[in-house]
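Every chain is numbered from 1 and lettered A, B, ... according to where its sequence line falls, protein lines coming before strand lines.
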Amino acid sequence: MGMNAASILNGLLQKNTRRTRTPPTNSITITNSIKDHLNSGSLKKAVSILFAAPVPVPSYIYARLFNLCSSSRAIVEARKVESHLVTFCERPPIFLLNRAIEAYGKCGCLEDARELFEEMPHRDGGSWNAIINAYSQGGCAEKAISVFSRMNKLGVAANEITFASVLGSCAVILSLFLSRQVHGLIIRCGLCWNVILGSSLVDVYGKCRIIGDARRMFDEIPNPNAVSWNVIVRRYLEMGDEREAITMFFKMVEANARQLNFTFSNALIACSSIFALKEGYQIHNVAIKVGFEEDTVVMNSLINMYAKCGGLEGACRLFDQPGSKNVISWTSIVSGYATSGRTAEARELFNKMPERSVVSWNAMLAGYVKFLLWEEALDFVFSMRKTTKDIDHVTLTLILNVCAGSLDVELGKQVHGFVYRHGFFSDLFVCNALLDMYGKCRSLRYSRVLFFEMGHWRDRVSWNAFIGSYARHHQSEVAMEMFREMLWETTPSEFTFGTLLAACANIFTLKQGKQIHGYMIRNGYEIDLVVRGALVDMYSKCRSLEYAIKVFNEAVLHDVILWNSMLLGCAHNGRGVDVLELFGLMQEEGIKADHVTFQGILLACIGEGFVDHGRQYFNSMSDKFCIIPRLEHYECMIELFSRYGFIDELEDFIKRMPFEPTVEMLTRVFDACREHEHSKLGEWAAQRLNEFKPLTPFQFETLPEPDLGKL
DNA sequence: AAATTTTTAC
């Protein structure tokens, strides 16, 4: 302890001076020589000349030396200058020692800074500022604050520099209590008109998520500068109030304040996340007007905004401008195509990328995942693992989504192992994706183990995933019990209610479903379209069609999903005529039917025996509604013809299908033929059934080995 | 003399 480089050098210096009685060197010559080196920026030479001279130099030379040490982060030189100073100046001026503390702080040597500060026989306010700032800049917010409180106890007056550092530290530890106290002190010192302190207060209140106070502080700043505006825009964005972030940006334009490129990117992020294409376009115009269209950050943010807000053409136009192509803009473009479902084009662009980062791979993969293209996604993961060893928490989350979507619990377990081995276990997003995967793969055992292993750093999403796995196992009582358990720890979200209601719908427990509905009303939860759909579904599956209709009618807005819930609800309750009537109303409202709508309609036709109608509706799908009938629609038609004995039509239908009939279809046809005594078609079906060989189960091991564990 | 924000792509 205490034998740092400075003190060793100190000792050497003293020995040196004692032994060799060098004649007093001309101090002016030395000073001039050091000045020359300082002017040409060669710090090392300046310091070595100083170090060789056993005489003090004027204070301003030491000051310049320390400043250069600070800006070039030269710790060795800083130590040499300090040791020279304390050796040859009997009582070094305090302000020079303050410079030394600053230099140590800037070099990140907080221990040197602290030691010097503690050893100083006399300190002034600047010494306190220097050490507090060193701590606050060096990432030791708590230490900065504790030195500040020591300073206060000793009655040393703080100034704006002190407060700026302290507020910076408050913003790191997110202490609202402390921030308010410092705010009080600032007011008492009459410093609240200082722009920097004002902006810092906006910053710290915003970071503590007291956005109202942040805004009040902002409004009190007499002349907000570029940083002040940037902070308020950024804080609104982080609060999720994108509208206000954009509004503040335009206010800034009105106020003629100078923009920073970051302010543009913050405002554009706000536009992206609420799909505000029009506002984004206006911001683009501002960027052109103030000459920011060359700035890479602004350019990339603009490309990203257009790509996200559905203005892909605009994004491409910017992208095609010379000098606009880099990894980030490439990735934005690929992501724009991928997330809008144009995966083939996205992939083509992706393949053309001159350079890719892990984010580029993730963007492409996210596209496959979003559009449920599990096979493509899996192939893509394999080539990703072959091409690069880059992988991050986002990749892992996406791979887990693929596992969940394709119900591949084996691959999921491999990923789980990878997560353990590579230190991703502390990532809540990854762990929640693991929980979700086990839940969707119906691996309740693994879900439970993981959920309890996660202990108390789980969040609301973890609970939702966990409750979801019980719901999927039709254990709605346990799901409800877990819900009550959840309330001790966190607050539920709309997603929770959707999950619980689906669980109730699956096992037809009206009582619990009503409890959840009641809980939501009592606690003032907004019933959004998803939850409303789940409620309609639950009530109708629990045979409370009247409630279902009531919930349906209470909606201000009916989207196609809500209509579908209602249609299917009626269909499941044997109210086929109502289904067809509702379908008419739905079209009057101008809602475009989708494939689920037609499933409801066809089910209604089956229930009512409307064979003609069924046939017409089925044909209208592709003729009028541009919906390609899916497997389930073909199944409905086969059921319709089979149940009502339309065997000739059945034969015609099944033999003209654009794909091979499934085992289930053939079995149904076979049964229908037996019932309606139609041996010809029955024999045909029986023969086709015999051709089916037992399926070999999908083996992950036989695929090219990705071995997620080895990299 | 010194200090505040921000770091764009999943």
Side-chain angles (χ1 to χ4, degrees), chain A residues 60 63-64 66-67 70 95-96 98-99 101-102 105-106 125-130 132-134 136-137 159-171 191 194-204 206-207 214 217-218 221 224-235 237-238 259-269 272 295-305 307-308 315 319 326-336 338-339 346 350 353 355-370 390-398 401 429:
Chain A
Y60 76 92
R64 284 190 61 187
F66 280 128
N67 284 345
S70 294
F95 84 93
L96 280 183
N98 296 350
R99 291 297 84 75
I101 295 176
E102 275 166 24
K106 284 270 169 10
S127 322
W128 291 91
N129 286 348
I132 291 174
N133 192 238
S136 112
Q137 295 287 306
N159 66 4
E160 57 266 51
I161 309 298
T162 330
F163 290 128
S165 299
V166 171
L167 283 176
S169 297
C170 290
L191 292 171
N194 182 305
V195 189
I196 293 178
L197 293 184
S199 309
S200 300
L201 283 165
V202 175
D203 179 54
V204 75
K207 278 186 180 149
M217 267 322 296
F218 178 83
I221 301 176
N225 64 17
V227 173
S228 329
W229 284 103
N230 189 43
V231 171
I232 192 76
V233 170
R234 177 75 199 177
R235 294 293 157 257
L237 175 66
E238 278 170 2
Q259 278 91 359
L260 299 170
N261 57 359
F262 301 121
T263 320
F264 276 102
S265 61
N266 287 329
L268 288 167
I269 293 170
S272 310
D295 187 283
T296 323
V297 172
V298 175
M299 205 51 172
N300 287 338
S301 305
L302 277 168
I303 292 176
N304 184 51
M305 181 278 297
K308 277 223 183 80
F319 181 66
N326 55 44
V327 200
I328 293 177
S329 55
W330 268 102
T331 307
S332 292
I333 294 281
V334 167
S335 167
T339 50
F350 177 85
M353 283 178 82
E355 181 196 348
R356 300 180 192 100
S357 73
V358 63
V359 183
S360 327
W361 287 92
N362 291 346
M364 188 63 233
L365 182 55
Y368 288 131
V369 170
K370 184 174 174 190
D390 279 351
I391 189 162
D392 69 358
H393 65 283
V394 180
T395 326
L396 289 167
T397 307
L398 288 166
N401 289 338
F429 278 89

Starting from [atom2] on [N], measure out to [atom1] on [X] and report it in whole angstrom.
X: A:F218; N: B:dT5; atom1: CZ; atom2: P; result: 16 Å
X: A:L237; N: B:dT7; atom1: CG; atom2: C1'; result: 14 Å
X: A:L201; N: B:dT5; atom1: CG; atom2: P; result: 12 Å
X: A:E238; N: B:dT7; atom1: CD; atom2: C1'; result: 13 Å
X: A:L191; N: B:dT4; atom1: CG; atom2: C1'; result: 14 Å
X: A:L396; N: B:dC10; atom1: CG; atom2: P; result: 18 Å
X: A:I303; N: B:dC10; atom1: CD1; atom2: C1'; result: 17 Å
X: A:N362; N: B:dC10; atom1: CG; atom2: C1'; result: 5 Å

Proximity to the side chain of [X] - top-ranked nucleotide from [options]:
X: A:D392; options: B:dT5, B:dA9, B:dC10; answer: B:dC10
X: A:V231; options: B:dA9, B:dC10, B:dT5; answer: B:dT5
X: A:V297; options: B:dT4, B:dT8, B:dA9; answer: B:dT8
X: A:V394; options: B:dA9, B:dC10, B:dT5; answer: B:dC10
X: A:S301; options: B:dT7, B:dT8, B:dT5; answer: B:dT8
X: A:S199; options: B:dA9, B:dT4, B:dT5; answer: B:dT4
X: A:V327; options: B:dA9, B:dT7, B:dT5; answer: B:dA9

Checking side-chain polar atoms at under 3.5 Å, does A:N67 have a donor or acceptor matched by the opposite partner on A:S70?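 Result is no, nothing qualifies.
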Can you see whether A:S301 engages A:N304 through a side-chain donor-acceptor pair at a distance of less than 3.5 angstrom?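 No, because no side-chain N or O of A:S301 sits under 3.5 Å from a partner of the opposite role on A:N304.
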Counting only side-chain N and O atoms of A:R356, is one of them less than 4.0 Å from OP1 or OP2 of B:dA9?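 So the side-chain polar atoms of A:R356 never come under 4.0 Å of the phosphate oxygens OP1 or OP2 of B:dA9.
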Can you classify the ring geometry of A:H393 versus A:F429 as parallel (below 30°), tilted (30 to 60°) or perpendicular (above 60°)?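 Tilted: the ring planes of A:H393 and A:F429 meet at 30° to 60°.
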Under 4.0 angstrom, heavy atoms only, what part of the nucleic acid is [X] near: base, sugar-phosphate, or nothing?
X: A:S357; result: base
X: A:S200; result: sugar-phosphate
X: A:T296; result: base
X: A:N304; result: sugar-phosphate
X: A:R64; result: nothing
X: A:K308; result: sugar-phosphate

Verify, without hydrogens or angle tests, whether A:R234 (side chain) and A:N266 (backbone) share a donor-acceptor contact under 3.5 angstrom.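 Not confirmed, A:R234 side chain does not pair with A:N266 backbone.
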Residues which pass ring pair (Phe, Tyr, Trp, His ring centres under 6.0 Å) with A:F163, listed by chain and number, not counting sequence neighbours: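 Once residues adjacent in sequence are excluded, A:F163 has no partner under the ring pair (Phe, Tyr, Trp, His ring centres under 6.0 Å) criterion.
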So, using salt bridge (charged side-chain N to carboxylate O under 4.0 Å, His left out) as the criterion, who are the partners of A:R235 when residues are at least two apart?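 A:R235: salt bridge (charged side-chain N to carboxylate O under 4.0 Å, His left out) contacts with A:D203, A:E238.
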Check nucleotides 1-3 of chain B against the protein and report each pair of N or O atoms closer than 3.5 Å, with its distance, or say if there are none.
| from | atom 1 | to | atom 2 | distance (Å) |
| --- | --- | --- | --- | --- |
| B:dA1 | N3 | A:R99 | NH2 | 3.3 |

Rounded to the nearest 0.5 Å, how far apart are CG of A:N300 and OG1 of A:T331?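 So the CG of A:N300 and the OG1 of A:T331 are separated by 9.0 Å.
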Would you say A:N129 and A:S165 make side-chain contact, with heavy atoms under 4.5 Å?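 A side-chain contact under 4.5 Å is absent here.
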